[in-house]
Amino acid sequence: MMKTSENIHPDKQQGLDIEEKLWTPGAITAAKALEEGGYLFETERAAILLQPVTEQIIRVKLMTAQELSFKTTIAVQQDVFCSVEGELVETEEAYHVKLPAASAVIHKHNACVDLYNQDGELVSSDVGLYSSARGKYGCRKQNEKDSHIYGLGEKTSFLDKAGEKYDMWNSDVFDPHVPEIECLYVSIPFFIHFNYDKAPYGIFLDNPGRTSFDFRSSEESYSFEVQSGELDYYFILGNTVKDIVSRYSSLTGRMDLPPAWAIGYHQSRYSYMSQDEVIALAHTFKEKQIPVDAIHLDIHYMDEYRVFTFDPIRFPQPRKMIEELNELGIRIVTIVDPGVKKDPDYKQYQAGILNDYFCKKLEGDLFFGDVWPGTSAFPDFTEEEIRQWWGEQHQYYTELGIHGIWNDMNEPAVFNTTKTMDLDVVHRNDGDPKTHGELHNLYGMLMSMATQQGLKQQLSGNRPFVLTRAGYAGVQKYAATWTGDNRSFWEHLAMSIPMVLNLGLSGQPFAGPDIGGFAHHASPELLARWTQAGVFFPYCRNHSVIDSIRQEPWAFGEEIEAICQSYIRMRYQFLPYIYTQFYEAHKTGLPIMRPLLLEYADDRNVYNLCDQFLVGTDLLVAPILRPSTTARAVYLPEGEWVDYWSGERYEGGKNILADAPLERLPLYIRAGAVVPNMISDAWKPQLNEEAAIKHIVYAATKGSQIKSQWYEDDANTYDYEQGSYNLLQFSTSFEQNSMSIDVSYVAKNLTKQRESIKVEIKELLFTPSQVMMYEHDVVGQCEWSYNAETRSIELVLPNHFDHAHITIS
Ligand code: GLC
């Protein structure tokens, strides 16, 4: 046979392989300040952008392509970039970028960056930039053995991620979520580096392809790598972990306030099979006096799993069903997956094809994947016009009275060998085409963005609710997340705490697991314990898989039902407090559910404490996480804490043994904090300007200026964006035989104001004989009554003050 050039194919040659040398950018050859801000360092093999975004956020981008691009992904808020004065100074060995609150030294011989903070302290030092294989770039930084790592979004294992290794690749994981699983549904490539002896810092690696973080392989250093695209990361400086979280969230955006109904209790099941079942379910909640704000419809509501349809046999009158539920004050949340059934008779499929809205290969072939509806096409959410179209489709739901959408399978999950979309699909990406491999982790978030924006347009000023399974950095702007297909395992109850805590530290405050566990079978005791813990998570939904034992609150008989009922009611009792924490998250980006580490960073006992948590600053929740357990150790941090059940007061800084019979969740309140409670016997207490609120304080034995705040608005519209809200601040001080409360409105803008503000101080340590109220030094009137038996005093403050000072002696 005739030989052709194929005979000298390079793959056939042996011994010619030159092992690729570890790539480095090489030495710096030129440096300049850029007109548009930032500094560009050209090296032998690359270019490096060092761009101050704010005084405390510095971007570093390694560029290896011929053409330099300073573009960021859609995750980054463009309005945070401000002009920061700086100076570029050259010395023999290095370039120094001097900024108002930091300085960076870029070494000439290897382009390594050392970062110093305002105090001149060396915060972080590069070991080097490198490439481990073609197209994979990484950065290795120095580390200390005793450093702790937080954040990294939705991951298994404990709070402190030191010693762990993870990848970021949105994945549909039905396998049990065990510590060795490196990827789940949400990818947030951001972490906080924390060491007791050094200033903390954060790193956000803005790359939505597969990225890797390795805190395991070396004790002296750690690394992060991208598998495609560019190495583009942000250093975030700060004095505290809170500073870092808050600044990170300014970079990727903060959440809107959710409607009140979205933070109530949600009930779900895969699936409630018919409209009759849904209506009966709603009535059962009412009969049993268990509050519920939302019922979720899983995939069986659809006509053969076609999104934007209702099954004509199971759900023949969706409007009637929704109206009936809305009359009860219950909202329906419908699941919407990204896969659009391949069916030429189906409106959305036709429109997607005719308008070229579905994901395609470069050569023009559509990408089809198998999901619930069978062969399906997937909208290309990376393109604005397509997001707009998708958002508009939701009119189908909003016209029926639906305000909430549940986005699932949006990693995207596909039933094939790779479990997702082909990596060589080319997304349009608003004029900057990129492969699916490069944008994978953005897909789900962009779907939620499209959904939220569509709903916002359609709901005439009412706030929508979007729940998503997949997400990327910045997902908090568009949706809440639940942590996917966990199991009814005690281990998963325990793991849900660090998982949601780290999501909170990664900018996503609105998250929670499936209460009771999704797969496998809940036991009565597990449901009781999980409900006790779950009602204190930011997102609170009970959900379970198709063939599992039922786990509605009443599924296990009267004893468990009574426990679930009382804890779900307790969520509503604390809802004004929880809602205030949502306001805080919206304003500052700080999490609602917090590890003790965030508040007590100097306390060496708490760096990996994650079997208990704080809600805001004033509630400490220590759930029972094992079966047949009726007591547990609880670590109380510095300060005074009061046992919610017994009123017993503890000095913090130590472990105590909490009594926890099945009906009791160990719960502690920070003494002196003013906690708004909603007091109501109604089946479903309604959080709005008319809710009956009582501010409850457990007296401290000592201490001054213990601060708290209470936020309220109409809890449903966007009027708060125009300033229509109240924000009331409290500061309490305690002495042996007296105490005082300072109450002042930072904002008092609601059109309808309450007549009075009610405050109850419990466990008073002295018998009061006089209460004085001063408004700007003028003596005012305030009703009060003392109950000697419970040692509590109730105050009724006439609500015409801006600032009042109350002394009790
Ligand atoms: C996925 C979701 C789960 C849902 C199921 C059916 O497994 O994670 O919550 O119930 O799909 O839609």
Side-chain angles (χ1 to χ4, degrees), residues 154 156 170-177 181 183-187 266-274 277-278 281 294-311 314-315 332-341 369-374 376 378 404-416 419-420 443-444 447-448 451 465-471 475 479-489 492 495-496 499-500 503 511-522 530 534 537 539-552:
E154 183 184 60
T156 54
N170 289 358
S171 306
D172 168 22
V173 184
F174 187 69
D175 275 340
H177 300 169
I181 288 204
C183 306
L184 284 170
Y185 316 85
V186 171
S187 298
H266 293 212
Q267 183 64 49
S268 186
R269 170 91 181 164
Y270 170 25
S271 298
Y272 292 121
M273 290 291 190
S274 70
E277 190 183 355
V278 172
L281 182 81
I295 292 176
H296 288 233
L297 300 188
D298 207 327
I299 53 175
H300 289 92
Y301 81 85
M302 292 180 270
D303 180 8
E304 296 182 311
Y305 313 120
R306 288 175 188 85
V307 287
F308 313 109
T309 66
F310 269 91
D311 183 286
R314 295 187 181 118
F315 290 84
I332 284 287
V333 176
T334 41
I335 198 167
V336 175
D337 294 354
V340 176
K341 186 177 176 66
D370 216 26
V371 270
W372 310 124
S376 303
F378 294 79
I405 296 291
W406 166 19
N407 285 161
D408 188 24
M409 305 287 278
N410 52 345
E411 293 71 28
V414 181
F415 306 148
N416 61 13
K419 313 288 180 214
T420 192
Y443 189 82
M447 178 189 187
S448 294
T451 307
F465 168 67
V466 181
L467 180 66
T468 182
R469 192 169 74 172
V475 63
T481 53
W482 95 101
T483 57
D485 297 345
N486 64 359
R487 304 211 163 194
S488 298
F489 293 169
H492 281 191
M495 191 180 63
S496 69
M499 195 180 276
V500 174
L503 273 163
D514 282 344
I515 293 174
F518 176 68
H520 196 58
H521 306 283
W530 208 323
F537 277 58
Y539 182 58
C540 178
R541 180 184 76 161
N542 172 319
H543 180 50
S544 52
V545 74
I546 195 161
D547 48 6
S548 62
I549 198 166
R550 303 297 295 213
Q551 63 183 43
E552 287 79 12

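In listed order, ligands and their atoms are each counted from 1. Side chains are part of it too, since the values below use all heavy atoms of this structure and drop only hydrogens, waters and symmetry mates.
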For a quick check under 3.5 Å, do [X] and [Y] share a side-chain donor-acceptor pair by atom type?
| X | Y | result |
| --- | --- | --- |
| Ser274 | Arg314 | no |
| Arg469 | Thr483 | no |
| Ser271 | His300 | yes |
| His543 | Arg269 | no |

Does NZ or CZ of Arg306 fall inside the cone over Trp372's six-membered ring, less than 6.0 Å from its centre and within 45° of the axis?
no

[X] N/O to ligand 1 N/O under 3.5 Å:
| X | value |
| --- | --- |
| Asp485 | yes |
| Asp298 | yes |
| Asp408 | yes |
| Trp406 | no |

If you look at every heavy atom in Phe518 and Asn486, which pair is closest and at what distance?
N-OD1, 2.8 Å

Looking only at heavy atoms, what is the nearest atom pair of Ala413 and Asp172, with distance?
CB-OD2, 3.4 Å

Where's the contact between Ile335 and ligand 1, heavy-atom distance under 4.0 Å: side chain, backbone, both or neither?
side chain

For Trp372, which part has a heavy atom under 4.0 Å from ligand 1: side chain, backbone, both, or neither?
side chain

Closer than 4.0 angstrom: is that true for some heavy atom of Tyr185 and an atom of ligand 1?
no

Please confirm whether Trp482 comes under 4.0 Å of ligand 1, counting heavy atoms of the residue only.
yes

Which ligand 1 atoms are under 4.0 Å away from a heavy-atom of [X]?
| X | result |
| --- | --- |
| Ile299 | 12 (O) |
| His543 | 3 (C), 4 (C), 9 (O), 10 (O) |
| Arg469 | 1 (C), 2 (C), 7 (O), 8 (O) |

Set of side chain to side chain donor-acceptor pair (under 3.5 Å) partners for Glu154, sequence neighbours left out
none

